[in-house]
Each structure stands twice: as structure tokens, then as C-alpha cells.
Amino acid sequence: MAYNHQEIEKKWQDRWEQAGIFHAKDGGEKQKFYCLIEFPYPSNAGLHIGHPRSYTALDVIARKRRHQGYNVLYPIGWDAFGLPTENYAIKMRRKPQDVTTENIATFKRQLRSLGLSFDWSREVNTTDPNYYKWTQWMFLEFFKAGLAYKTSQPINWCLSCKIGLANEEVVNGKCERCGGPTEKRDKEQWMIAITKYAERLLADLDGVHYLEKIKTQQRNWIGKSEGAEIDFVLNVPGQEPGKHNVTVFTTRPDTIFGATFLVVSPEVGKKWLDVGWNASESVREYVETSLKREEMDRTAEGTEKTGIDTGVVAINPANGKEIPVWIADYVLGNYGTGSIMAVPQHDERDRDFAQTFGLPIVDEPLVPFDEAVEKVAGRKKTNYKLRDWVFSRQRYWGEPIPLVWCEKHQWVAVPDEQLPVVLPEVERYEPTDTGESPLAAITDWVNTTCPTCGGPAKRETDTMPNWAGSSWYFLRYIDAHNDQAFASQDKLTYWMPVDLYNGGNEHTTLHLLYSRFWNKFLFDQGHVPTSEPYARRHSHGLVMASDGTKMSKSKGNGVNPDEIVSEYGADALRMYILFMGPFEEPVPWSLNGLIGVRRFLDKIERYVSEWIEVQTNNEVAGTVERTLKKVSDDIESFKFNTAVSTFMTLFNEIAGQSVTREQIKKILVVLGPFAPHLANECWEKIGEKGLVEEQPWPEFDARLLVQDEIEMGVQVNGKARAAIRISPTADEVTAKQLALAEEKVQKHIEGKEIVKIVYVPGRILNIVVK
RNA sequence: GCCGCGGUGGCGGAAUUGGUAGACGCGCAGGACUCAAAAUCCUGUAUGGGCAACCAUGUGAGGGUUCGAUUCCCUCCCGCGGCACCA
């Protein structure tokens with residue numbers, strides 16, 4: 001018989017709530033443990049079956065820590081600004097505010113049904129003015145520190161979202177959100193100077209405990225490279241020789257003798273033209289067309305190299321030789337100096353180019369790096385691939401940027417006491433093709449007075465990207481209802497840093513990098529106590545559809561968590577999602593797999609129902625202890641799948657016999673983090689009082705962990721031939737005797753000479769014969 | 001191209017300071033219970049042969065080290081993720 005999950009899950013969820021046992025205390029004797037999952041984006045699609053993977057895994061850890069006596073903070077909130085909601089609201093002709101409220105209610109109901117041990121009293125919502133007041137305040141801190149600046153620059157413009165994107169949001173030239181094409185547009189944008197922190201973001205990775213692949217990915221993204229800047233004197237036709245020069249960046253100054261031409265990017269070419277370079281018509285045309293080419297097109301794999309000789313000649317400072325200067329779009333305008341010295345002998349791209357255009361390739365000897373730099377009067381220079389963060393969005397559903405433009409005083413920060421600058425509620429907020437934010441049309445709101453001089457002024461109408469609110473939410477959980485500060489210093493000092501943070505790999509170079517930066521900045525301003533926000537970062541794999549492909553709305557191959565919970569129960573979903581495969585890997589969903597886990601839970605329930613207390617059961621004492629230890633260890637190493645299978649093995653072994661009260665209690669406590677509702681139900685069933693959650697994590701009896709007798713393999717010439725029952729500490733003579741007594745062993749050594757016996761106590765005995 | 005990870009039954013996956021490969025679950029087959037079904041329980045389930053005791057083969061391919069290799073080394077093939085003309 002199956003147990004009634006709907007009844008018992010509701011029952012225990014209510015009891016937990018009444019007891020308030022998941023509320024973290026801001027201080028006290030206990031050691032703190034701050035456990036964090038990436039807060040969800042409450043889309044109108046509702047909870048995705050993948051969400052519980054991360055949440056239950058950390059729920060298991062959070063619950064275990066509470067048993068172990070920690071003061072655990074496991075909070076939850078909503079990252080609710082953003083495009084999908086806005087687009088949906090536009091389509092439905094509704095207000096994003098209302099849609100968001102509804103979506104959050106749905107998510108909340110769904111998450112609550114899973115029995116996660118969140119501290120709901122600290123719930124945060126990035127779209128709540130009481131929250132974004134502080135997001136705005138922090139932005140102004142960046143502004144006041146000179147790290148936020150407005151500049152006109154080519155940005156990635158998504159044609160269908162009608163929005164400017166950060167570099168990180170453009171994947172293969174396409175919009176990361178909608179997959180649509182992007183183009184370059186010149187636009188005034190607020191930027192935040194994350195590049196000022198490039199070195200620290202890189203160096204401080206050494207001091208945090210992140211999965212190695214996460215560190216590697218961040219390192220690559222920051223892309224540090226050390227080299228030198230070198231000046232080349234130019235001779236421009238029709239101009240006085242030596243009047244101009246060009247600076248190149250290279251990581252290989254040691255190859256400078258092999259430099260046979262220079263290449264400047266079309267962007268640099270444009271600058272030259274702008275200052276009056278009298279170039280040929282074909283050069284102008286090349287610059288024009290390359291600048292129009294989409295990034296994607298320009299950088300795609302296998303793209304034929306294009307370029308044009310400028311007629312300008314440069315002098316190689318190493319050997320005084322004249323070399324031609326070309327313009328080519330394989331050189332990027334926004335990296336290094338936008339110009340390079342081409343060494344076809346040592347660089348594949350330069351060689352390609354040289355071969356395409358018949359430029360010389362010479363093999364010159366290398367000179368030591370430092371010597372080369374000195375000889376040509378170069379300057380050592382470190383460059384990073386990381387770019388400054390495009391912080392403006394021309395959309396409605398985001399935090400207004402709290403700045404005011406005054407003709408006299410230029411950009412002026414809205415004073416603290418006037419924060420938050422509340423997003424005005426309006427009827428129309430569709431994006432515009434002009435690239436202007438919809439807020440620009442609300443003249444009542446836009447027109448204001450300058451905080452400095454009281455004269456007429458206009459509000460900034462761009463909003464922040466949704467990475468803003470998520471860059472600091474972990475700080476707000478610490479003191480979610482504080483209206484004097486984003487959080488009190490005492491509480492921040494108590495809780496920071498986050499001890500364990502789990503989230504998706506897709507955020508490694510976005511949210512994870514942004515929030516590290518944001519926190520470091522706040523640290524420098526004296527607002528937070530730690531330079532790094534997260535002591536440890538782990539990640540989970542996606543839950544795929546049963547055919548191994550990504551779940552998607554259009555394919556209709558998704559799984560609805562509500563249906564699973566109502567039909568099979570939260571405990572079954574929790575335990576299955578942990579069991580389905582290694583936590584860091586993507587794993588396909590299998591309904592049969594889930595049903596199998598549910599069968600196992602029924603088996604537990606049956607076992608406990610039929611349980612009759614016995615005074616001793618030494619038979620299984622070791623098995624029980626080893627299960628507890630293995631499950632404990634597996635939780636620490638994120639091996640939830642084998643933890644679940646260990647429980648299955650245990651129940652297979654104790655089936656048909658009873659265990660003592662102490663034994664069954666320990667089992668239920670350790671089961672608790674995985675299937676908390678059922679564990680409590682069983683706890684009550686065996687006549688125990690209170691909640692499983694109030695029990696200490698069981699201690700293991702080390703003596704019971706050791707088996708006095710094990711089955712050990714016996715090999716002949718490395719091939720398994722028999723197994724003997726033996727003490728794991730038996731001496732070689734005993735082991736040898738037992739092994740040689742085996743019929744199967746005798747058969748294989750008959751008539752042969754024993755050359756050697758390898759005996760590893762408790763592991764193997766190998767008889768080598770010839 | 002570069003960086004990282006991986007390749008194990010029909011399927012998801014276990015096992016690595018080198019030590020009986022295939023735990024656990026799914027699926028499948030057979031049986032018990034039942035008038036029957038569901039549920040549950042029991043048995044079997046890498047492959048080939050004997051079709052039972054057993055023998056041989058077997059962790060992407062090929063070499064190597066070792067008493068012993070899924071695990072370490074070399075060469076190669078395939079898949080996944082990230083970066084991608086960053087000089």
C-alpha cells in the first residue's frame with residue numbers, strides 16, 4: 001500500500017511552520033552557516049522541474065547543518081525585474097507589476113509544496129521599491145566613486161528585444177535571451193568600470209573554494225595577457241615624414257625582428273580619417289564597410305581575411321626597416337591599442353593574412369623579452385579581455401537609474417533621502433525603435449528639478465539591467481527589513497561571507513562575476529566586511545527532457561512540478577532528483593525512475609509500519625553504522641545520488657528482520673534531509689515525540705564501522721578465481737592458507753610453480769604462477 | 001583552433017591514494033499471491049559458449065607500465081561545455 005503523501009506532506013509543512021524551526025537567528029552561540037541558492041526569476045511559466053535540483057541539494061546540506069548544531073541561514077527571494085515578464089505583460093496588455101505579483105505567488109506556492117527549509121521571513125523581491133532603493137543607492141556609490149560613467153560607444157543592439165546588451169549577453173552574435181540577431185549601434189550608455197577590478201577579480205580566485213572549472217572559466221573570461229606597447233614611426237604620403245606614429249600591443253616583443261607589416265583595425269582607421277587623413281577612396285570604403293559588418297560576420301570561424309594596404313609606411317624600430325601598414329578587420333578595435341605588429345612567422349593569423357595578400361614572411365632570430373622591449377623603447381603593459389559593464393537598458397521593467405541631467409551641473413545624483421526613484425506606473429511601456437527608453441515619453445516624470453541648483457532638469461530614462469538587483473541580494477537577506485541601511489554592519493559581519501553558494505554554470509561569467517565585483521566595490525567603500533562574497537561555489541547540471549535534449553516550451557517536453565508533487569509527492573521528487581545522476585552533470589528526466597524512488601519510499605513506510613522493536617540486532621549493526629557514515633560523507637561531497645542508493649541498499653539488507661529503536665531512529669534522522677515529510681511521519685509512527693529536525697546528527701560508533709570479516713577476492717595471475725571470508729587484518733600466512741584451500745584456486749595453480757604471492761590485507765590476494 | 005570535462009550492460013549510473021567491474025534504480029523475463037487485474041513479494045538479467053558447475057571475452061580504439069589497470073603513461077577516435085582573429 002502506498003502512503004498518502006498529500007496528507008502527510010501538508011501535515012508536516014504546517015508543523016514546521018508552527019514551530020518556526022527554519023528561522024535563522026542573527027547571532028548567538030551556534031556557529032553560523034550561510035547557504036545560498038540563486039534566487040529564481042519568477043517567470044509566468046511557473047517553476048521549472050530543474051529548479052528543485054539545486055534547491056533540494058542545498059536543502060539537504062542546510063538540514064544536515066542544523067542537525068549538527070549550526071545556525072543556518074537558507075533564504076529565498078525573487079529576481080523579478082526583466083524582459084520575459086515585461087514582454088508577457090505587453091502581450092497580455094497588463095502591468096508588469098501585477099504579472100510579477102501573480103508569478104511570485106505561484107512560485108511561492110510551488111516552492112512551499114517541496115518542503116524546502118527556507119527562512120521565508122527574509123524573502124526579498126528586487127522589484128520592491130524598498131529593495132531597489134538600495135540598488136539605486138549602490139549605483140550612486142559607483143557613480144560618486146567615478147566608476148559609473150556615460151559614454152557613447154558601439155553597443156550590441158538586439159533587434160527583437162529592442163534593447164542594448166552587455167558583451168556577456170551576446171552569444172555568437174545573437175541575443176542570449178531571444179536568440180535573435182544583434183547589430184552594433186552607437187548609443188549613449190551608462191557603463192560601470194568593472195575592468196578596474198580585473199586584476200583583483202582574477203587574483204582573488206586563488207583564495208576562494210570554487211569548483212576548478214568555474215575558476216578556469218572566469219580566468220579565461222578576464223583574459224589577462226602580459227606584453228608591451230611599442231611605438232612605430234609612420235611616414236604618411238603627402239605628409240611630413242615621422243610626424244605621426246602608431247602604438248601596437250604585443251605579447252611577443254621578442255619576435256619584433258620578424259614583424260613585416262602593421263595592421264590597424266577599421267576603428268583606428270576611422271579615427272585617422274576623422275583627424276584629416278587624406279586616404280584613398282578605396283581605403284575609406286573599406287573602413288566604412290568593415291565598421292558596418294556585424295561582429296558575428298567579422299569574427300566567424302573560417303572567415304576569409306580581408307584588408308587593404310593604406311600606402312602608409314612604418315619604421316620597424318628594431319631594425320629600421322620600412323614596413324607597410326594595412327587596415328584589416330581581423331584586428332579588433334576594442335582590444336589593446338587596436339593595432340598590431342604582424343609577425344607571420346610566429347602568428348598563425350598574421351601568416352594567413354600574409355599569405356592571402358602576398359606579404360613577406362621572414363624568419364628572424366628571437367631576442368629576450370626584456371631586451372626587446374628596452375631596445376625599441378616599449379612599455380610593459382597588461383591587457384584584459386574583460387570589458388566595462390554596459391549598465392543601461394532602454395526598457396521599462398527595471399530599476400530607474402537615479403540620476404538627473406542639469407545643463408549647469410550635468411549628471412547629478414538623486415539625494416539619498418529622495419530614494420527610491422520609483423518606477424512610474426503607466427499605461428504604455430512598449431519599447432521603441434528609436435532606442436529610447438519608454439520612460440522618456442512620460443514627461444511628468446522626466447521633468448524635474450536639479451538637486452544642486454533647483455533649476456529645470458531631466459531624469460535619466462534608462463533602467464538598470466536585471467543583473468543589478470541580483471548583484472547584492474545575498475546581502476539583503478541578512479537584514480531584509482532594515483529601512484536605515486541595506487543591512488546593518490553587525491549582521492553583515494556575523495553572516496558574511498556566504499559559506500556555500502550553488503547555481504547554474506550559465507552564470508559563471510555573468511552574475512557570479514558581476515556580484516563578486518559589486519561586493520568588492522562595496523568592500524572598498526567600507527560597506528561590507530569581506531572582499532569576496534562567496535567562500536565556496538558549486539554548480540549543478542541541467543535537468544534534461546527524457547530524450548536528453550533541453551526541455552523547452554516549444555517542444556512541449558517539459559515536466560510540470562505541480563503534477564509530480566500532487567501525484568507522487570514532494571519527497572519522491574526530492575529524492576529522485578538527487579538520485580537521477582551526478583549533481584554536476586546534466587541528467588535526463590525519467591518518470592519511471594521517479595516511480596522507482598516512490599516505490600522505495602513506500603517500502604520504507606511499510607517497514608516502519610510493520611516494525612516491532614527488538615532489543616538487539618548485531619547482525620545489521622555494522623550495516624546501519626556504515627550507511628549513516630556513507631550518507632554523511634556523500635552529502636559533504638555532493639554525491640547525493642550514491643547517498644540515496646545507500647539508503648536503498650540498507651533497506652534491502654534489513655528487510656525481513658527488525659532493528660532496535662536506536663537504530664531506526666538514527667536511520668530516520670539521516671533520512672530526514674532527503675525525505676523530510678516521510679521521515680517525520682515515520683518518527684511519529686514509532687512513537688517518538690517532537691520533530692526529526694530537532695534531533696542531533698547521529699554519532700557513529702567507530703568500532704561498528706570495522707567489519708571483523710569480509711569477503712576478499714583471490715586472483716591467480718591477476719584473474720579473479722575465488723573469494724574467501726577473512727578478517728581484514730589477517731596475516732599473510734592465514735590468508736594464503738585459506739586461499740590455497742579453495743578448490744577453484746587449486747584448479748588454476750595445479751601443476752604450476754608459485755612464483756610470488758601478493759597480499760594486500762582486506763583488499764586482494766594474488767597468486768602468481770608460471 | 002585553444003581551455004575544461006567525459007566515453008562503463010537495453011537505459012540512468014556505481015566503483016579511481018591501482019585490488020573480485022557493473023552497486024543502486026529503471027526496463028525486461030520467469031514465478032508466487034489473485035477468478036482476474038493492480039499492488040506487493042521472490043528469482044534471473046554484460047557478451048559468447050556449455051545453456052548446470054564452469055570457460056573465454058569485456059569499461060571508445062591501439063600500445064605501455066604493473067603481480068594486478070575503468071583507474072597511471074603515450075598515440076588516436078568520438079561526444080559535451082566554455083572561449084574564440086584578444087595579437
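To find a chain, count down the sequence lines: A is the first, B the second, and so on, and within it residues start at 1.
At A87(B), none of the side-chain N or O atoms of His346(A) fall inside 4.0 Å of OP1 or OP2 (strictly under the cut-off). For G4(B), the OP1/OP2 oxygens have no side-chain nitrogen or oxygen of Asn505(A) closer than 4.0 Å. Distances shown here put every side-chain N or O of Tyr576(A) at or beyond 4.0 Å from the OP1 or OP2 atom of G25(B). Phosphate contact (OP1/OP2 of G27(B), side-chain N/O of Asn592(A), threshold under 4.0 Å): present. Within the structure, a side-chain polar atom (N or O) of Arg599(A) is placed less than 4.0 Å from OP1 or OP2 of G27(B). A close approach under 4.0 Å does not occur between any side-chain nitrogen or oxygen of Lys213(A) and OP1 or OP2 of G82(B). The side chain of Lys719(A) contributes no N or O atom lying less than 4.0 Å from OP1 or OP2 of A21(B). The phosphate of G82(B) (OP1 or OP2) has no side-chain N or O of Thr508(A) nearer than 4.0 angstrom. Here Arg606(A) reaches the OP1 or OP2 of C41(B): one of its side-chain N or O atoms lies under 4.0 Å away.
Straight-line distance from the CZ atom of Arg763(A) to the C1' atom of U16(B): 11 Å, rounded to whole Å. Atoms CG (Leu202(A)) and P (C83(B)) sit 17 Å apart, rounded to a whole Å. Atom P of nucleotide U40(B) and atom CZ of Phe651(A) are separated by 17 Å, given to the nearest angstrom. Spacing between atom CZ of Arg219(A) and atom C1' of A84(B) amounts to 19 Å, rounded to whole angstrom units. One can place NZ of Lys747(A) at 8 Å from C1' of A53(B), the figure rounded to the nearest angstrom. For the pair Tyr759(A) OH and U20(B) P, the computed distance is 14 Å after rounding to whole Å. In this entry the distance linking CD of Glu585(A) with C1' of G6(B) reads 7 Å, nearest Å. One can place CD1 of Ile764(A) at 11 Å from P of A69(B), the figure rounded to the nearest angstrom.
Among the atoms of the strands shown, only primed sugar atoms or phosphate atoms (P, OP1, OP2) are found under 4.0 Å from some heavy atom of Val587(A). Using a 4.0 Å heavy-atom criterion, one finds that Asn766(A) contacts the bases of the nucleic acid, with or without backbone contacts as well. Counting any heavy atom pair closer than 4.0 Å across all strands shown, Lys639(A) reaches sugar-phosphate atoms only and no base atom. Using a 4.0 Å heavy-atom criterion, one finds that Gly336(A) contacts no nucleic acid atom at all. Nucleic acid contact class of Phe600(A) (heavy atoms, under 4.0 Å, all strands): none. Residue contacts shown for Ser225(A) are limited to sugar-phosphate atoms, with no base heavy atom under 4.0 Å away.
Taking the P atoms as reference points, G1(B) lies 43 Å from C24(B), given to the whole Å. Going from the C1' atom of U59(B) to that of U16(B) covers 13 Å, rounded to whole Å. Separation of the C1' atoms belonging to A21(B) and U57(B) is 14 Å when rounded to the nearest angstrom. Between the P atoms of A61(B) and U8(B), the separation comes to 10 Å (whole Å).
Side chain of Ala723(A), nearest nucleotide from U20(B), G25(B), C55(B): U20(B). Counting only heavy atoms from C-beta on, Asn641(A) has its side chain closest to A14(B) among A87(B), U20(B), A14(B). If you check A15(B), U20(B), A56(B) against the side chain of Gln715(A), the one that comes closest is U20(B). The side chain of Tyr330(A) approaches C85(B) more closely than any other nucleotide in the set C85(B), C24(B), A21(B). Nearest nucleotide to the side chain of Gln217(A), out of G68(B), G82(B), A56(B): G82(B).
Across all strands shown, A38(B) has no partner, as no Watson-Crick or G-U wobble contact with both distances under 3.5 Å is found. Using Watson-Crick or G-U wobble geometry with both donor-acceptor distances under 3.5 Å, G12(B) finds its partner in C24(B). In this structure, C5(B) forms a base pair with G79(B), meeting either the Watson-Crick or the G-U wobble geometry with both donor-acceptor distances under 3.5 Å. In this structure, A29(B) forms a base pair with U43(B), meeting either the Watson-Crick or the G-U wobble geometry with both donor-acceptor distances under 3.5 Å.
Because its glycosidic torsion is within 90° of 0, G9(B) is reported here as syn.
Between Glu212(A) and Arg219(A), at least one side-chain N (NZ, or NE/NH1/NH2) sits under 4.0 Å from a carboxylate O, which counts as a salt bridge. One finds a salt bridge joining Glu605(A) and Lys685(A) here, because a Lys/Arg side-chain nitrogen approaches an Asp/Glu carboxylate oxygen to under 4.0 Å. Under a 4.0 Å N-O distance rule, the pair Asp708(A)/Arg725(A) does not qualify as a salt bridge. Taking the charged nitrogens against the carboxylate oxygens, Asp370(A) and Lys380(A) do have a contact shorter than 4.0 Å, which makes a salt bridge. Contact check on Arg379(A) versus Asp231(A) returns a salt bridge, with a Lys/Arg side-chain nitrogen under 4.0 Å from an Asp/Glu carboxylate oxygen.
Taking the six-membered ring where the residue is Trp, the centroids of Phe638(A) and His538(A) are separated by under 6.0 Å. Ring centroid separation for the pair Tyr576(A) and Trp589(A) comes in under the 6.0 Å cut-off.
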Practice task
Check step by step if ring-ring contact (aromatic ring centres under 6.0 Å, His included) holds for Phe261(A) and Phe357(A).
Solution key: CA-CA 11 Å; Phe261(A) 56 102; Phe357(A) 294 100; 9.1 Å; no

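Counting distance only, with no hydrogens placed and no angle test, the side-chain atoms of Lys744(A) and the base atoms of C54(B) include no donor-acceptor pair under 3.5 Å.
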